[in-house]
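Below is one structure; the comments refer to it alone.
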Amino acid sequence: MITASSIRPSPAAGLSFRSFVLLFVAAIVLALSTFQSAFAADPNLVLDRIRKSGELRVPVMIGEEPGYIRDRNTGQWSGFYVDWANDIATLLNVKVVPVETTWGNLAADFQANKIDIAFGLNPNPKRGLVVDYLSVPLFTDAWAIVTKPGFAKKTWAELNDPSVRIVVQKGGTMQVVAEALTPKANIIVVEDRPLGIMELQANRADAMILAVFDAIDVSKAISGQIVLPSPMLLNPATIGMRREEGNEGYENWLTNWVNQQRALGLAQGKLRKAFEARGIDLSVLPPEFNF
């Protein structure tokens, strides 16, 4: 005689069924994970795209000599940043395509996919939301001020005074430095370096914050003096690229390139050559500073 108890699944049978269901679900999850991994972004996606396009799009900027120099007659660009871009482009078998911009617009240019690489960037958390920086610097800079001869303030604390007029470029790290260390000063924000030089020449500013290599060039233009305010702030200058899937191989390759440039003294040599070509004496740099 068949009874209800005789057809009721035993506890062991129920356990076996639940185990089967759990194993089945685990197998599905593992299969989906494997499927997704198979279609994950190729780490060389960006590098391959650049090589396939035949172009390396690089930002260039007016008034940023000797990093960027524009020939007024031909429109051609040169300078040590452009030289580095050409070195990289040659290795990738592509050509450099200049994209005119400003330091403050770099993040937007990366987001809009207008540029593939940018040189001489200072790690900036705000820009770092959309830009990946190499972990190694191409060279080391320091923050300086350019002033008219006779300006006596030599420390960041002395510059942090309402009577001091400090000019900085909009969106650049020099603006971050000014707002952090000299918030009480009268900070004048301009679009680019030539406008900042005009503020100094017209006596509408007392000092301009710049990376020391840029300060050397500007001081020559205005017959000014360079001050490395104490405490000296070192300024790592690295390479940036757009944050996107598939840029791991590109970042790794560029890191290897930078390591070679530093280890063999190629980066330092290029900087010295660029400044000497403009008649700029790097002996003004303090002996404790090493780029």
Side-chain angles (χ1 to χ4, degrees), residues 61-69 79-81 102-104 120-124 137 139-237 271-272 274-291:
M61 306 178 198
I62 296 290
E64 294 289 332
E65 298 85 358
Y68 301 102
I69 304 171
F80 59 80
Y81 288 134
T102 64
W103 293 114
L121 299 188
N122 315 123
N124 180 320
F139 60 93
T140 301
D141 213 329
W143 290 111
I145 61 169
V146 177
T147 74
K148 292 291 186 67
F151 188 77
K153 298 182 185 298
K154 307 293 183 183
T155 69
W156 293 109
E158 290 173 338
L159 292 167
N160 187 30
D161 187 290
S163 66
V164 179
R165 301 166 298 173
I166 299 177
V167 63
V168 296
Q169 289 173 245
K170 181 180 179 181
T173 310
M174 61 283 289
Q175 184 176 356
V176 177
V177 171
E179 291 172 350
L181 294 181
T182 61
K184 295 179 182 178
N186 179 12
I187 300 174
I188 304 165
V189 181
V190 296
E191 267 314 309
D192 53 37
R193 192 193 300 176
L195 290 176
I197 292 173
M198 289 175 61
E199 293 294 305
L200 290 173
Q201 291 174 326
N203 199 33
R204 291 191 293 267
D206 302 304
M208 183 175 183
I209 296 180
L210 291 159
V212 69
F213 290 115
D214 296 331
I216 294 171
D217 198 56
V218 171
S219 68
K220 182 181 177 183
I222 67 167
S223 299
Q225 66 178 13
I226 300 170
V227 176
L228 277 168
S230 59
M232 183 170 66
L233 299 180
L234 293 180
N235 176 28
L271 285 170
R272 288 190 182 279
F275 281 97
E276 288 172 359
R278 292 178 66 82
I280 296 172
D281 183 7
L282 292 183
S283 66
V284 299
L285 296 174
E288 68 271 19
F289 173 70
N290 182 18
F291 61 94

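Since this is a predicted model, take the numbers as computed values, not measurements.
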Validation row: N203, R165 side chains within 4.5 angstrom (heavy atoms)
yes
Could you check whether any side-chain heavy atom of P229 comes within less than 4.5 Å of a side-chain heavy atom of W143, counting everything from C-beta outward?
no
Under 3.5 Å, side chain of R193 to main-chain N/O of L210, donor-acceptor pair present?
no
M198 vs V190, test: side-chain contact (heavy atoms from CB on, under 4.5 Å). Steps then yes/no.
CA-CA 10 Å; M198 289 175 61; V190 296; over 6 Å; no
How long is the span from the CD atom in E199 to the CD1 atom in I222, to the nearest 0.5 Å?
12.0 Å
Going from CD on E276 to CG on L271, what distance comes out if it is rounded to the nearest 0.5 angstrom?
11.0 Å
Sub-3.5 Å donor-acceptor pair from the side chain of K153 to the main-chain atoms of V164, do we have one?
no
Within 6.0 Å of NZ in K170, more than 12 heavy atoms from elsewhere
no
For R272, look at atom CZ and say whether over 12 heavy atoms of other residues, nucleotides or ligands are found less than 6.0 Å away.
no
Would you sort out whether L121 and W103 count as a side-chain contact (heavy atoms from CB on, under 4.5 Å), showing the intermediate values?
CA-CA 9 Å; L121 299 188; W103 293 114; 3.7 Å; yes
Where is the tightest heavy-atom contact between P123 and P236, given as atom of each residue plus distance?
CD-O, 3.6 Å
For D217, is there any backbone N or O sitting under 3.5 Å from a side-chain donor or acceptor partner on D214?
no
Atom CD1 of I188 and atom CZ of R204: how far apart are they, to the nearest 0.5 Å?
8.5 Å
Start with the C-alpha distance between Q169 and E64, add both sets of side-chain angles, then the distance that settles side-chain contact (heavy atoms from CB on, under 4.5 Å), and finish with yes or no.
CA-CA 11 Å; Q169 289 173 245; E64 294 289 332; 3.1 Å; yes
Give a yes or no on whether the backbone of L200 and the side-chain of K148 come within a donor-acceptor separation of less than 3.5 Å.
yes
For Y68 and Y81, take the angle between the two ring planes, folded into 0 to 90°, and tell me which bin it lands in: parallel under 30, tilted 30 to 60, perpendicular over 60.
tilted
So CD1 of I209 and OG1 of T182: to nearest 0.5 Å the spacing works out to 5.0 Å
Using every non-hydrogen atom in the two residues, find where I226 and I216 come nearest and quote the distance to one decimal.
CD1-CA, 3.4 Å
Within this structure, what is the CE-CG distance for the pair M61 and D192, rounded to the nearest 0.5 Å?
10.5 Å
Does K184 offer a backbone N or O that forms a donor-acceptor pair with the side chain of N160 under 3.5 Å?
yes
Between A211 and N235, what is the shortest heavy-atom contact and its length?
CB-ND2, 3.9 Å
Over all atoms of both residues, closest heavy-atom pair of I166 and A185
CD1-CB, 3.9 Å
If every non-hydrogen atom of M174 is compared with every non-hydrogen atom of V168, which pair is closest and at what distance?
O-CG1, 3.7 Å
Donor-acceptor pair, distance only, cut-off 3.5 Å: does the side chain of Q225 make one with the backbone of F151?
yes
Give the minimum heavy-atom separation between P194 and G63, together with the two atoms involved.
CG-CA, 3.7 Å
May I ask you to test the L159-L181 pair for a side-chain heavy-atom distance under 4.5 Å?
no
Rounded distance [0.5 Å steps], CG in L233 versus CH2 in W156
5.5 Å
